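Have a look at the structure below before the remarks.
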Amino acid sequence: MAHPAKTTTATLTALLLLLGPAPALADDEDPTAPPGSTTTSPPPEVDSNSPGLKLADGATLAPAKVLDIKSVVEDLGGEERREDTNTDVKFALQAEVLFPKDSAKLNPEANARIKAIAEEAKAQKATDVRVFGFTDNLGSYGHGKKLSRQRAEAVHDELAGHLGPEVTFSVRGYSEDYPIADNGSEEGRKKNRRVEVSFPRGTTGNSNSNSASDINNTSTSTGNGDSVSYSAATSPTR
């Protein structure tokens with residue numbers, strides 16, 4: 001009777017050894033944000049001997065961790081979105097308000113929106129700007145990669161015209177990667193077709209605004225336009 005039990009245990013142990021532990025995601029990993037799209041800050045120093053800390057006998061403090069507070073403001077149509085955290089300011093503009101369908105040529109309305117973002121970058125004294133483009137999952141991945149990159153470059157070029165050479169840009173196209181909505185509906189795909197512009201928050205940044213046209217920003221570009229974070233996403237079928 002004991003032998004079958006031993007066999008079962010050995011088999012399960014062997015399977016666990018073969019499969020190994022499941023991969024773990026970092027606690028602060030955001031599946032909708034590309035690597036390098038946020039500014040990191042070290043955790044605050046905490047004095048465990050401070051008289052203001054009331055700990056039970058034998059208790060110890062857990063490692064200090066920065067909790068990021070996020071404020072999100074979106075216009076009624078969802079065409080423009082602003083996110084403010086402890087460290088960054090990010091604007092997301094739907095591709096439809098920036099470009100014609102399946103095109104990387106900026107329309108006239110886009111210029112005013114991009115200028116407002118540039119003014120906010122100036123107000124935040126930003127010297128590093130990220131411009132990232134994204135599409136939905138319709139069409140081929142390769143086409144989306146090319147189009148999202150071209151759209152990010154178009155936004156970068158317009159931003160660079162308003163900002164000085166001291167600003168460094170990181171420009172990338174991610175195709176359908178890092179969606180912020182469900183691609184199963186047109187409403188979700190429309191949100192995923194976007195361009196995002198982000199930069200670190202300044203120490204004397206001004207208050208939040210409901211629209212990029214109500215804010216001021218600054219940015220600068222390197223020769224190859226490869227060092228700021230604004231994302232432009234579009235769908236190969238739009």
Side-chain angles (χ1 to χ4, degrees), residues 30 33-44 66 68-73 80-95 97-99 104-134 147-174 178 194-234:
D30 183 355
S37 60
T38 57
T39 304
T40 57
S41 57
V66 175
D68 206 2
I69 308 278
K70 179 184 291 187
S71 169
V72 179
V73 178
E80 184 175 313
R81 174 188 177 101
R82 171 173 174 158
E83 294 183 8
D84 289 84
T85 67
N86 301 342
T87 56
D88 293 284
V89 178
K90 179 168 71 175
F91 293 94
L93 299 177
Q94 289 185 3
V97 304
L98 298 175
F99 308 96
K105 183 178 180 180
L106 292 169
N107 60 40
E109 181 186 356
N111 296 329
R113 291 178 181 265
I114 295 172
K115 181 180 179 181
I117 293 176
E119 291 303 316
E120 176 65 8
K122 291 177 183 177
Q124 299 290 346
K125 304 185 186 307
T127 56
D128 293 287
V129 180
R130 299 175 290 267
V131 183
F132 296 162
F134 305 85
L147 183 59
S148 60
R149 171 70 190 205
Q150 289 175 338
R151 288 181 167 178
E153 288 175 343
V155 172
H156 157 264
D157 292 346
E158 185 67 21
L159 280 171
H162 298 290
L163 303 171
E166 70 278 5
V167 176
T168 299
F169 286 88
S170 175
V171 182
R172 302 170 191 166
Y174 285 102
Y178 306 105
R194 70 198 188 278
V195 173
E196 295 177 358
V197 179
S198 64
F199 40 85
R201 173 176 294 284
T203 54
T204 57
N206 49 338
S207 60
N208 297 357
S209 167
N210 291 347
S211 169
S213 56
D214 299 328
I215 359 184
N216 296 327
N217 70 345
T218 299
S219 72
T220 303
S221 163
T222 58
N224 59 6
D226 225 9
S227 153
V228 124
S229 160
Y230 184 90
S231 31
T234 71

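No hydrogens, no waters, no symmetry mates; every other heavy atom, side chains included, goes into these values. Remember, it's a predicted structure, so these values are computed and weren't measured experimentally.
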Approximate separation, where rounding is to 0.5 Å, of [X] [atom1] and [Y] [atom2]:
X      : Y      : atom1 : atom2 : result
Glu109 : Ile114 : CD    : CD1   : 10.5 Å
Asp84  : Arg201 : CG    : CZ    : 4.5 Å
Phe199 : Asp88  : CZ    : CG    : 9.0 Å
Arg172 : His156 : CZ    : NE2   : 13.0 Å
Leu98  : Lys105 : CG    : NZ    : 15.0 Å

Quick one, Phe99 and Leu106 - any side-chain contact, counting heavy atoms below 4.5 Å?
yes
Report yes if some heavy atom in the side chain of Arg113 is under 4.5 Å from a heavy atom in the side chain of Val97; otherwise report no.
yes
Could you list the residues that satisfy side chain to side chain contact (heavy atoms under 4.5 Å, CB included) with Asp157, not counting sequence neighbours?
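With sequence neighbours excluded, Asp157 shows a side chain to side chain contact (heavy atoms under 4.5 Å, CB included) to no residue whatsoever.
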Listed by chain and number, what are the side chain to side chain contact (heavy atoms under 4.5 Å, CB included) partners of Glu83, not counting sequence neighbours?
Lys70, Val72, Arg81, Lys90
Looking only at heavy atoms, the pair that brings Ala154 and Ala104 closest together is CB-O, 3.5 Å
Partner residues of Glu158 under the side-chain hydrogen bond (donor to acceptor under 3.5 Å, both in side chains) criterion, sequence neighbours left out:
His162
